[in-house]
Amino acid sequence: MVMRPKARQTAGEGASGGASGPISVLVVHGPNLNLLGEREPEIYGRTRLADINKELKQLGRELEMKVETFQSNSEGGIVDRIQKARGKCEVLILNPGAYTHTSVAIRDAIQAVNIPVIEVHLSNVYRREAFRHHSTIADIAHGRIMGFGAESYSLALRAARTMAEESRRRSA
């Protein structure tokens, strides 16, 4: 288990995460990620999605963040969940899975809700087949994290905290 430092606090912040409460993050997992740990472990690793979600929620508590997770194999389900997050979350962490390369609908949903997004992939897509090199959301994502296995999500959550803190400072 990785030991994590306590969450940073700035002047005026209490245990609740500051004047605006805890930072709210939605993590969306795309198609076939429900099979993590079983499907192509040589590429995606042996960590199960339930374990990734548990780790994210634990790290979120340590960083004084509210983390919600969602997985769907359906493009429409992902679009619906992104739309539902409108006005309710500060950062979206998204692993669109195979929809990375094809989904204009997910791209449009991200743009419609105006929530900054971090694109996450377990594997380094540039070390894989050429068709995986294209992302329909790369140019609208705040950033992309890939190639670190399950740790990619933890790195994204830490980045999400920094992004939200900066946004809160700008709007204060």
Side-chain angles (χ1 to χ4, degrees), residues 1-7 22-85 88-103 105-107 109-110 115-138 141-164:
M1 169 104 2
V2 176
M3 298 301 292
R4 294 181 184 80
K6 292 289 182 189
I23 293 166
S24 177
V25 176
L26 173 63
V27 180
V28 175
H29 309 284
N32 298 314
L33 292 168
N34 56 309
L35 299 177
L36 283 177
E38 304 168 28
R39 177 180 171 249
E40 300 179 271
E42 67 281 359
I43 294 172
Y44 301 110
R46 298 205 177 276
T47 306
R48 297 176 313 118
L49 184 61
D51 297 326
I52 289 171
N53 288 339
K54 182 179 175 184
E55 179 74 15
L56 284 172
K57 289 180 181 188
Q58 174 60 37
L59 178 57
R61 283 189 293 276
E62 292 172 21
L63 297 175
E64 299 175 354
M65 302 170 79
K66 179 183 173 234
V67 177
E68 183 179 345
T69 61
F70 174 82
Q71 189 277 328
S72 179
N73 292 320
S74 161
E75 183 179 33
I78 293 168
V79 168
D80 288 344
R81 187 60 193 91
I82 291 169
Q83 289 178 356
K84 186 178 172 187
K88 297 177 184 157
C89 94
E90 294 175 70
V91 180
L92 171 65
I93 295 173
L94 173 64
N95 182 341
Y99 291 131
T100 301
H101 325 293
T102 61
S103 183
I106 291 172
R107 176 191 173 90
I110 292 166
I115 300 169
V117 64
I118 300 171
E119 182 181 350
V120 171
H121 297 282
L122 296 162
S123 65
N124 179 346
V125 298
Y126 297 106
R127 297 187 74 191
R128 302 196 51 206
E129 305 92 338
F131 74 87
R132 295 185 192 275
H133 299 182
H134 173 73
S135 166
T136 60
I137 67 167
H142 187 85
R144 302 175 80 200
I145 298 173
M146 66 181 80
F148 295 98
E151 187 67 17
S152 296
Y153 285 101
S154 298
L155 294 168
L157 191 60
R158 290 179 183 283
R161 178 174 175 83
T162 300
M163 289 167 55

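On a predicted model such as this, the values are computed, not experimentally measured, just so you know. Side chains included, hydrogens not; waters and symmetry mates left out as well; all remaining heavy atoms used.
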Residues in salt bridge (Lys or Arg N to Asp or Glu O under 4.0 Å) contact with R46, at least two apart in sequence or another chain: none
Main-chain N/O of H121 paired to S152 side chain as donor or acceptor, under 3.5 Å: yes
Spacing of M163 atom CE and R158 atom CZ [to the nearest 0.5 Å]: 16.0 Å
Exercise: identify the closest heavy-atom pair between G30 and N73: O-OD1, 4.3 Å
side-chain contact (heavy atoms from CB on, under 4.5 Å) partners of E68, counting only residues at least two apart: L26, R81
Rounded distance [0.5 Å steps], OG1 in T47 versus NZ in K54: 12.5 Å
Any side-chain heavy-atom pair of Y153 and L122 under 4.5 Å: yes
Non-hydrogen side-chain atoms of I78 and P96 separated by less than 4.5 Å: no
Reported OG1-to-CZ distance for the pair T102 and R107, which is rounded to 0.5 angstrom: 13.0 Å
Under 3.5 Å: donor-acceptor pair, side chain of S103, backbone of T100: no
Taking every non-hydrogen atom, the tightest pair across S123 and M146: O-CB, 3.5 Å
Closest contact, heavy atoms only, A156 versus I118: O-CD1, 3.4 Å
Non-hydrogen side-chain atoms of V117 and I82 separated by less than 4.5 Å: no
Distance, nearest 0.5 Å, that separates CG of L92 from NE2 of H142: 13.0 Å
Minimum-distance pair of heavy atoms, taken over all atoms of G77 and S72: CA-OG, 4.0 Å
Residues which pass side-chain hydrogen bond (donor to acceptor under 3.5 Å, both in side chains) with N32, listed by chain and number, not counting sequence neighbours: none
E64 side chain vs P22 backbone, donor-acceptor pair below 3.5 Å: no
Euclidean distance, E38 CD relative to L36 CG, rounded to 0.5 Å: 9.0 Å
Donor-acceptor contact below 3.5 Å, side chain Y99 vs main chain P31: no
Side-chain touch T136/I106, heavy atoms, less than 4.5 angstrom: no
Over 12 non-hydrogen atoms of neighbours within 6.0 angstrom of CZ in F148: no
Test item: N53 and H29 side chains (from C-beta on) under 4.5 Å apart, heavy atoms: yes
Distance (rounded to the nearest 0.5 Å) between L94 CG and I137 CD1: 4.5 Å
